[in-house]
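What you see is a predicted model; the values in this text were computed from it and never measured. Below, chains carry the letters A, B, ... as their sequence lines are ordered, and counting in each starts from 1.
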Amino acid sequence: MTRLQRLYLLLAVTFGALFSVLLQLTAGWLPTIIIGVGGFTLGIFLWARTSLQHPTDPKRLLPPYLFTAGALMVHIAEEYAFDFGGRIAGITEGKWTNEEFLWVLGLGYPLVWILGAFAIAKRHELGGFMSWFIFSGMLIGEPTHLLVFPIRESLLFGGRYDYFPGMWTALLPLVTGIWGMWVIVTDARRRKAEGEIVGVRENREDAE
Amino acid sequence: MKTRTQSSVLDRRYRYVLDDEPLRLEMPPWAHVVSVIALSGTILLATFVYFGSVVAGLISVGVVVALTGWTMTNYRAPARRKIIGHYVIATVSLLFHASEQHLGAYGDQLVAMFPAAFAPPVHFDESKFVLWLVLLPTAMYLWGAVGLFFHHMLGSFAAWWVFSWCVILPVSHFLVPIWSDTGYQYVPGMASAPVVAGVGIAGIRRMRSEQLEKGST
């Protein structure tokens, strides 16, 4: 790993840690564990093993990334429309409001992950980090809308398994996220096998 | 009831018509512009019905500008793929701009500036602004980027729409208060307007200048 790659790793860890702290302060422990700790840890690990040293060909990665980013915005729209923040607060410590949810996950964080597409187009290593953060977040976070939240709610308050905000669109970004993971892994394996090192600036022209 | 002889005649006839050679979906050249006009028209009517004339009027200006720019330039000569970087920056700019708008409760202020235009049965407020004019359109812009990536005509329209909206929406913040019932005032979005408009103008110029050869895709 080069010095620059170590710097990017440090930046990514710092970003993930700050994001997790923000989530804990606003949303409480459940979203923090799922997205901040689970998605972030898995994302960092897989990024370090794949596209940190072998940035993915943007011609292959951009379509699944853009599909996932768009699907995630639709999912967030459903969550916002049906008070996801308030419902999560009801099954955790009761801190999150829908307005806080909107600012963190509807307006703030999307600024970062949409910029991730720009980094991917430039074949930058941090684009690889953002793609892994999103994809692993989808892998861990989306099934919880169907398998964790509604069950916890029914256990806490009684009643049957029922609608929880975000359920109907939860699997869409999961499917496109898995597609994106497959692209990154297969691309990294191929480049590793070819002994190609793409992180160096001189090799970036062919990615344009 | 079919006899064996009649079945085999039908089988022989249709076997030659519907074989399994690879085919491409062929669409007439006017299909995309007709689709965009139909979809845009429907969205504009729905916006008018549910959100009133002010919001529908703003969006209609964007549709006219985007349609005109698209049909005159990239309809037959797609934009170069590397414009995607600029398109992403424009999408981020619009979302950042929306953050300033939401901070100042733009949707509620619009209603306060034009109470007659937003009287029932029209129902528009801040939450509807965020859901229908920020979050869902951002998703559409990101999917539009996929079309731009694959040199699809609708991708070029998406780019024209995003870049045009980057100019029209911020500029409207300075013009709309002129006709309001509450007098000229700060409209949420004014602060970030120059940056967003600059990104949009640069994008429009690139769409006009960076095109592939006609018919190259």
Check: A:Ala188 main-chain N/O paired with A:Thr50 side-chain donor or acceptor under 3.5 Å: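 No; zero donor-acceptor contacts below 3.5 Å.
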
Under 3.5 Å donor-acceptor, B:Glu100 side chain and B:Gly189 backbone: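 Yes, because the side chain of B:Glu100 sits within donor-acceptor range (under 3.5 Å) of the backbone of B:Gly189.
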
B:Trp70 and B:Tyr75 aromatic ring geometry - parallel, tilted or perpendicular at 30°/60° bounds: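 Geometry flag for B:Trp70 against B:Tyr75: perpendicular rings.
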
Positions in residues 121-145 of chain B that reach chain A, provided some heavy atom is under 4.5 Å away: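 Answer by number: B:Ser127, B:Val130, B:Leu131, B:Val134, B:Leu135, B:Leu136, B:Thr138, B:Ala139, B:Leu142, B:Trp143, B:Ala145.
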
Contact listing (chain A partner; residues 156-168 of chain B; heavy atom under 4.5 Å):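 The stretch does not come within 4.5 Å of chain A.
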
Proximity breakdown for B:Leu103 and chain A, heavy-atom pairs closer than 4.5 Å: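 When you check distances to chain A, atoms from both the backbone and side chain of B:Leu103 fall under 4.5 Å.
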
Toward chain A, the part of B:Phe149 with a non-hydrogen atom under 4.5 Å: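 Just the side chain, heavy atoms under 4.5 Å.
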
Exercise: do B:Tyr186 and B:His173 side chains pair donor with acceptor under 3.5 Å: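 The answer is no; no qualifying pair exists.
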
Atom CZ of A:Phe15 with >12 non-hydrogen neighbours under 6.0 angstrom: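 Yes - once you tally the heavy atoms of other residues, nucleotides and ligands closer than 6.0 Å, there are more than 12.
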
Steps toward ring pair (Phe, Tyr, Trp, His ring centres under 6.0 Å) verdict (A:Phe129, A:Phe133): CA-CA 6 Å; A:Phe129 162 67; A:Phe133 196 1; 5.6 Å; yes

Spacing of CG belonging to A:Asn98 relative to CG belonging to A:Leu102, to within rounding of 0.5 Å: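 One gets 7.5 Å once the value is rounded to the nearest 0.5 Å.
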
A:Arg60 to A:Trp182 six-membered ring, cation-pi geometry met (6.0 Å, 45°):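 Output yes; distance and angle both within limits.
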
Cation-pi check, A:Arg87 onto A:Phe82 ring (under 6.0 Å, within 45° of axis):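 Cation-pi check for A:Arg87 and A:Phe82: fails.
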
Contact leader toward chain A among B:Gly85, B:Ser99, B:Ser93, where contacts are heavy-atom pairs under 4.5 Å: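 Of the candidates given, the most pairs with chain A belong to B:Ser99.
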
